[in-house]
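First comes the structure, then the notes that go with it.
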Number of protein chains: 2
Amino acid sequence: MTGQDVILGILAVEPKSGYDIKKKFENLFSYFFDASYGTIYPTLGKLEKEGLITKENVVQQGKPNKHIYSITEQGRVKFQSYLESDIQENVLRSDFMVRLIFGELADPQMVAGWINNALQRSQAELLSLENDYERMGPNMSPTQELCIQIGIGNIRSQVQVLQDGIARLRTINNNMEAPSHE
Amino acid sequence: MTGQDVILGILAVEPKSGYDIKKKFENLFSYFFDASYGTIYPTLGKLEKEGLITKENVVQQGKPNKHIYSITEQGRVKFQSYLESDIQENVLRSDFMVRLIFGELADPQMVAGWINNALQRSQAELLSLENDYERMGPNMSPTQELCIQIGIGNIRSQVQVLQDGIARLRTINNNMEAPSHE
DNA sequence: CCTTGCATGTAAGAAGTTACATGATTGA
DNA sequence: TCAATCATGTAACTTCTTACATGCAAGG
């Protein structure tokens, strides 16, 4: 699975501009995929050259013009062949967890800061995802619901483990900062 | 955080060969970081050239020679500066979750296959991680324990959500394959 | 006036993977 | 005899990010 496959999939649902696609990544895909404009625009150009999508120039008043891309029959075939390919394993890259491995090499105050920071981020992301689910839930397909449930379950578990971990580390060693109240 | 930072960190704990470092990635880091030999060896060469590590040739009998790398004082300073840098956000790339988003564009039988497959993988990884924790737990630092607890919590949650999801989808639509018993 | 949103793109470079190339030893 | 383990490395390629470049309109 590359950016190409995902972009083609988005256009298989409905025609969109590069800007719209970026929006999709920020909303629907944020917790398990992302791509920047530096990927999106060159990919759209490439897909068009290959005949998998077509471009239409849409003039707007009061706003810049848009290039709306639509998938072709060839594009649909290509996307189906992605769906039939083997599933790639999940890849997680976590700076936070790498640092936990090296915890003994770092100042305990700093480690405490990392953990509190991670907890705060996780709590914020949990709220945000739960909010998305409430807003979009009724419009989601069953598998899209499953997807966001996985995301929410993951973060909820992470928040729990971090809270327990902070409490436990505090008893081992009085180095944890008090959690900040905002 | 790049491969460089992590490799330097591993050598900050104790001297190792490229081969040993790969082993570490497969054992300790598997669920949140990985690097191939194609990253490890060129990185070791670069770090040596920069004076952050030193190489020692170790002759072995019955086995190929090893290049054991040790961190220098300069290397330790560099690694500390990584630890003091801002934490990068977690990045997850999940082909499975991408496909769940496009579930409506795929054959329901195929979707059922994806989910059962993901469940089986998750269950296998859960067993493997729990096993690691049992084996290595007593030798782990408190923050390393926290790290593996996060990993286990994540997968456990994923298994739960997938199991519930399979049951729910089965009531919606009689397309789910019976789980295989191995 | 300043920021946000809308909107498209390029260029340089970082980072990493895959496949290739080599070769001895051990155990089944 | 065959596979796995030990062990190091290169080259070509893919993929993606960051920074740059541009510019209008609306709202506070």
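Each chain gets a letter, A, B and so on, in the order its sequence line appears, and its residues count up from 1.
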Quick one: A:Q61 CD to C:dC6 P, roughly how many Å, whole number? 15 Å
Can you find a side chain N or O atom of A:Q60 that sits less than 4.0 Å from OP1 or OP2 on C:dA7? yes
What is the nucleic acid contact for B:T2, judged by heavy atoms within less than 4.0 Å: base, sugar-phosphate only, or nothing? sugar-phosphate
Inspect the contact between A:K78 and A:D5 and indicate whether a charged nitrogen and a carboxylate oxygen are less than 4.0 angstrom apart. no
Taking 4.0 Å as the cut-off, does a side-chain nitrogen or oxygen of B:Y41 come that near to OP1 or OP2 on D:dT8? yes
Look at B:S36 and C:dT17 and indicate whether a side-chain polar atom (N or O) is within less than 4.0 Å of OP1 or OP2. yes
The residue, A:T39 or B:L44, whose nearest nucleotide of DNA chain D is more 5′ is B:L44
For atom NZ of B:K55 and atom C1' of D:dA7, their distance in whole Å: 13 Å
Return the value, rounded to whole Å, for the distance between atom CZ of A:F25 and atom C1' of D:dT17. 14 Å
Can you check the A:R93 CZ to C:dG16 C1' distance for me, whole Å? 8 Å
At under 4.0 Å between heavy atoms, what does B:G38 touch on the DNA or RNA strands: base, sugar-phosphate, or nothing? base
To the side chain of B:P64, which of C:dG23, D:dT8, C:dT8 is closest? C:dG23
Without decimals, in angstroms, what is the distance between A:E26 CD and C:dA7 C1'? 13 Å
If I take atom CZ in residue A:F29 and atom C1' in nucleotide D:dC16, what distance separates them, rounded to the nearest angstrom? 18 Å
Does D:dT8 have OP1 or OP2 under 4.0 Å away from a side-chain N or O of B:K22? no
For D:dG9, does OP1 or OP2 lie under 4.0 Å from any side-chain N or O of B:Y37? no
Less than 4.0 angstrom from a charged side-chain N to a carboxylate O is my criterion; do A:D132 and A:R135 meet it? yes
Would you check if there is a donor-acceptor pair between the side chains of A:Q120 and A:N116 at a distance under 3.5 Å? no
Assuming nearest nucleotide by heavy-atom distance, tell me which of B:T43 and A:P42 is located more 5' along DNA chain C. A:P42
Would you say A:K63 places a side-chain N or O within less than 4.0 Å of OP1 or OP2 belonging to D:dA25? no
Would you classify B:G3 as touching base, sugar-phosphate or nothing, given that sugar-phosphate means primed atoms plus P, OP1 and OP2, and contacts are heavy atoms under 4.0 Å? sugar-phosphate
Could you tell me how far apart A:D20 (CG) and C:dG9 (C1') are, to the nearest whole angstrom? 16 Å
May I ask you to say whether A:D95 pairs ionically with A:R99, meaning some side-chain N is under 4.0 Å from a carboxylate O? yes
Could you verify whether a donor N or O on one side chain and an acceptor N or O on the other, from B:E56 and B:Y69, lie under 3.5 Å apart? no
Base, sugar-phosphate, or nothing for B:Y69, non-hydrogen atoms under 4.0 angstrom? sugar-phosphate
Nearest-Å distance for atom pair CD1/C1', residues A:I21 and C:dC6: 15 Å
Are B:K23 and D:dA7 close enough that a side-chain N or O sits under 4.0 Å from OP1 or OP2? no
Between B:E125 and B:R121 (salt bridge meaning N to carboxylate O under 4.0 Å), is one present in this structure? no
